[in-house]
Amino acid sequence: AGNRLQRYTVNNNGITFVGNLNGRQRTQQAETTNNQSQQQVPRILRFPSVTRQIRVPAGVNGVRIAGVTSPIQPSNPNTLPRVNIPKLVPQPIPNKKYATPTEEDESAEKYSCTICCELFTHPSSCGNCSSRFCYHCLKRVASNPFKQAKCPACRAQLTLDGIVQDKALMREMEIADIHVNCPDCGERIKAAFAKDHESSCPHTMMRCKNAIMGCTWHGPRKDLDHHLATHCHVEQIAGLVDQFRHVKADQEAAIISLQQKQFLSNQMVDLNTAWIRKSLPSPYNIFDLMNLIYNISCTPAYFLATADIWTPFLSNHGAQESRAALCNFLYLLPTIFNICRVSIGGYRLMISINFTDGLHLAADQMLLGIFSIIPFILLIASVSCLLMDGQSSLKWNSVKIGKFDRKIMRDIITMALLTANVVVIECDNSDYAASSAVFLWIVTVTATIFFPPVILTVLGLASGISEPNPHQIFCAGRCAVVVSFVLRHAALVGFIGLSPAIDAVLLLQLARKNITFVVCHNLVPYNDGIWSMLGNDALLILLAGRFSIWVLQTQLQEIPVLPILATTFLLVINYVFQSLTHLGIMMGSIVFLEGRKNILPGHMNIRSAFSVNGTTVFLLWSTLLLILAVTF
């Protein structure tokens with residue numbers, strides 16, 4: 001390596017060196033000005049004895065200036081600049097402490113650092129408390145790169161700029177008549193000058209400056225120079241040691257630089273992810289949901305071609321919750337329209353009361369108006385309970401008290417919406433003819449049961465899921481079963497009566513649990529709200545009680561027409577609900593196939609954005625909602 005070193009001379013024009021490269025003498029001029037060519041990328045070297053940065057042309061591998069040899073530079077011009085590293089210096093062995101003449105001298109404890117347990121060297125504080133420490137001890141605490149530095153006494157945040165030297169305490173130590181004995185030479189000195197004496201005492205036990213490189217010598221300071229000159233094997237390869245330390249420092253700096261870049265890259269990724277999440281449609285934004293519904297039904301080809309935009313509803317991770325939120329929205333929207341229709345009508349009736357027409361008529365109108373507002377109050381209570389149980393859009397939370405395990409919020413919302421819908425039907429029967437009340441109920445049922453399976457089927461097929469069945473549709477969101485139960489039983493109670501409705505439900509549930517006919521299983525839903533929790537014994541007891549009451553009332557002289565009519569009516573309603581769900585699934589498959597057919601293979605071009613079938617379904621759904629809105 002020595003044959004490849006170049007000898008440099010520095011002048012005002014630059015660096016001139018005569019090198020012995022491949023045995024041939026040559027002279028090169030390395031300009032240090034900034035007017036170098038773009039093809040020649042300079043490399044920066046830093047030397048302990050040179051205060052200015054020296055730019056060395058590419059291709060120079062070694063340098064010697066004023067007797068200082070630099071380590072070999074890498075040939076890659078894109079490497080980081082060299083890191084300045086401190087020189088290796090011998091360190092005293094901290095095996096002895098400066099002792100006071102009497103061990104009981106309490107005044108010496110006042111001037112002792114609680115970190116190193118020795119006398120102060122430049123006493124300093126954190127600036128927030130009265131505790132004092134050595135300046136270098138406190139600086140070492142503040143320079144910890146792995147955690148936030150805190151004061152050892154008051155635990156306040158500690159920074160290098162916040163360290164305050166206590167000059168008054170330093171003068172007090174100089175004035176105070178406190179002496180200590182040097183543990184090495186035994187000389188009696190003032191405590192304020194103990195550290196200064198330690199740095200110059202020839203008898204202080206020292207380690208070799210190359211101890212970190214493997215040298216095990218230790219002895220008095222007066223023998224250190226002789227050891228370095230004759231016995232230290234590490235000192236004989238000082239150039240190689242410096243090269244190793246420089247390479248290690250460069251690698252550590254490069255690692256820190258890469259870690260910082262990785263940290264910044266992770267921050268950018270997090271920011272981009274947050275921005276993407278904000279820009280993506282949200283399942284809890286009504287406008288985003290309406291936009292999604294329009295794209296799926298009217299423009300399925302555009303929806304499939306731009307599937308990346310609708311990632312929250314199509315991706316495997318988290319898409320089930322998003323689809324559940326969409327399902328809940330679709331099933332609840334017509335019911336909300338229907339309840340608001342009656343409540344707004346009742347409010348208008350109340351504000352239009354004219355007491356001049358008669359007090360009795362005004363009182364009837366007031367009672368009818370109050371009765372019409374009750375569904376809206378129940379709707380607000382149901383939405384509040386739905387938000388309180390908002391941990392998941394897919395499942396209801398269970399409440400466990402001992403052996404009691406029920407979905408309380410689901411039962412409360414079911415009963416509130418059931419009562420509200422029964423009141424709506426009663427109000428329609430009083431305001432309109434019975435046929436009009438039936439028509440408005442059919443409008444609500446069609447908008448609720450037929451349209452959601454269309455949207456959910458297209459979403460499922462676009463996500464790679466097979467065509468769903470009615471059970472999967474009702475399980476797609478937690479509100480689907482609740483709304484279906486409410487609409488069926490509200491019609492049964494509102495059009496026939498409460499007692500026949502109870503008889504019909506108990507009879508069909510008992511048949512569902514004990515008869516294995518396929519027809520019975522299809523016409524009686526398995527998960528039928530609160531009725532599904534009743535066992536055979538409970539159903540038999542309730543039916544026996546209802547039969548006993550009927551026997552006492554009729555003495556077996558009348559045919560139970562209303563229970564039979566209610567049972568038949570409930571079977572018909574269940575069949576209609578099943579048929580509408582199957583029809584919605586079939587229409588969703590047709591819309592999906594029509595949209596996929598309109599996308600050109602291998603391209604993002606679309607033959608026709610609009611779907612005739614999907615647009616027809618969307619217009620039908622919009623018309624049904626408009627009918628409910630117009631009757632406000």
Side-chain angles (χ1 to χ4, degrees), residues 331-350 352-353 361 364-380 382 413-452 482-505 529 561-581 620-632:
Y331 274 94
L332 284 173
L333 188 61
T335 301
I336 293 174
F337 269 71
N338 196 28
I339 293 176
C340 291
R341 170 182 63 84
V342 173
S343 298
I344 292 176
Y347 173 74
R348 288 179 175 177
L349 180 63
M350 292 177 61
S352 63
I353 293 176
L361 180 60
D364 291 341
Q365 291 179 349
M366 179 66 70
L367 290 176
L368 183 59
I370 295 174
F371 189 68
S372 301
I373 295 177
I374 291 177
F376 184 75
I377 298 174
L378 294 174
L379 176 63
I380 296 298
S382 301
I413 293 174
T414 301
M415 296 308 299
L417 290 179
L418 177 60
T419 306
N421 279 269
V422 170
V423 173
V424 166
I425 293 176
E426 293 294 335
C427 292
D428 289 339
N429 285 329
S430 61
D431 293 341
Y432 312 105
S435 58
S436 299
V438 173
F439 170 74
L440 292 173
W441 177 80
I442 293 175
V443 168
T444 306
V445 168
T446 306
T448 304
I449 305 301
F450 170 69
F451 187 70
V482 172
V483 174
S484 174
F485 174 86
V486 165
L487 290 177
R488 286 185 285 110
H489 293 82
L492 190 63
V493 174
F495 294 130
I496 297 180
L498 179 60
S499 296
I502 294 176
D503 296 336
V505 170
V561 178
L562 288 179
I564 296 175
L565 179 63
T567 304
T568 306
F569 183 69
L570 186 56
L571 288 173
V572 172
I573 292 176
N574 292 340
Y575 177 76
V576 170
F577 275 51
Q578 290 281 343
S579 301
L580 287 175
T581 305
L620 174 62
W621 181 67
S622 303
T623 304
L624 296 176
L625 294 180
L626 185 62
I627 291 173
L628 297 177
V630 167
T631 55
F632 281 1

Checklist entry - Would you say L571 and Y575 make side-chain contact, with heavy atoms under 4.5 Å? => result no

Checklist entry - If you look at every heavy atom in A437 and I425, which pair is closest and at what distance? => result CB-O, 4.5 Å

Checklist entry - In Å and rounded to the nearest 0.5 Å, what is the CG to CG distance from D503 to L565? => result 12.0 Å

Next on the checklist: Once rounded to the nearest 0.5 Å, what's the spacing between atom OG of S343 and atom CZ of R348?
Outcome noted: 12.0 Å

Item to check | 4.5 Å side-chain heavy-atom contact, Q365 and M350 | outcome: no

Checklist entry - Can you check side-chain contact (heavy atoms from CB on, under 4.5 Å) on L332 and V483, steps first, answer last? => result CA-CA 7 Å; L332 284 173; V483 174; 3.6 Å; yes

Checklist entry - Quick one: does Y331's side chain get under 4.5 Å of I449's, heavy atoms only? => result yes

Item to check | P334 backbone acceptor or donor facing N338 side chain under 3.5 Å | outcome: no

Checklist entry - How many angstroms lie between CG in L624 and OG1 in T446, if you round to the nearest 0.5 Å? => result 6.0 Å

Checklist outcome for this item: The residue among V422, I336, L378, V486 that forms side chain to side chain contact (heavy atoms under 4.5 Å, CB included) with L417 is V486

Checklist entry - Are V505 and L492 side-chain neighbours, meaning at least one heavy-atom pair lies under 4.5 Å? => result yes

Next on the checklist: Checking L620 against F450 for the side-chain contact (heavy atoms from CB on, under 4.5 Å) test, could you report, in this order, the C-alpha distance in whole Å, the side-chain angles of both residues, the deciding distance, and whether it holds?
Outcome noted: CA-CA 10 Å; L620 174 62; F450 170 69; 4.2 Å; yes

Item to check | P563 to P500 - nearest heavy-atom pair and separation | outcome: N-CB, 4.1 Å

Checklist entry - What distance separates I377 CD1 from T419 OG1, expressed to the nearest 0.5 Å? => result 12.5 Å

Next on the checklist: Taking OH in Y347 as the centre, count heavy atoms belonging to other residues, nucleotides or ligands within less than 6.0 Å. Is the count above 12?
Outcome noted: no

Checklist entry - Do F577 and L487 touch side chain to side chain, with heavy atoms closer than 4.5 Å? => result yes

Checklist entry - So do D428 and W441 actually touch side chain to side chain, heavy atoms under 4.5 Å? => result no

Checklist entry - Which pair of non-hydrogen atoms, one from S372 and one from C427, has the smallest distance, and what is that distance? => result OG-SG, 3.6 Å

Item to check | Mutual orientation of the aromatic rings belonging to W621 and F451 [parallel < 30°, tilted 30-60°, perpendicular > 60°] | outcome: parallel

Item to check | I496 versus A566, closest heavy-atom pair with distance | outcome: CD1-CA, 3.7 Å

Checklist outcome for this item: Shortest non-hydrogen pair, V424 vs R341, comes out as CG1-NH2, 3.7 Å

Checklist outcome for this item: Separation between CE (M366) and CZ (F371), nearest 0.5 Å, reads 16.0 Å

Checklist outcome for this item: Distance col, row L368:CG vs I353:CD1, nearest 0.5 angstrom, shows 9.0 Å

Checklist entry - Of all heavy-atom pairs between A491 and I573, which one has the smallest distance, and what is that distance? => result CB-CD1, 4.2 Å

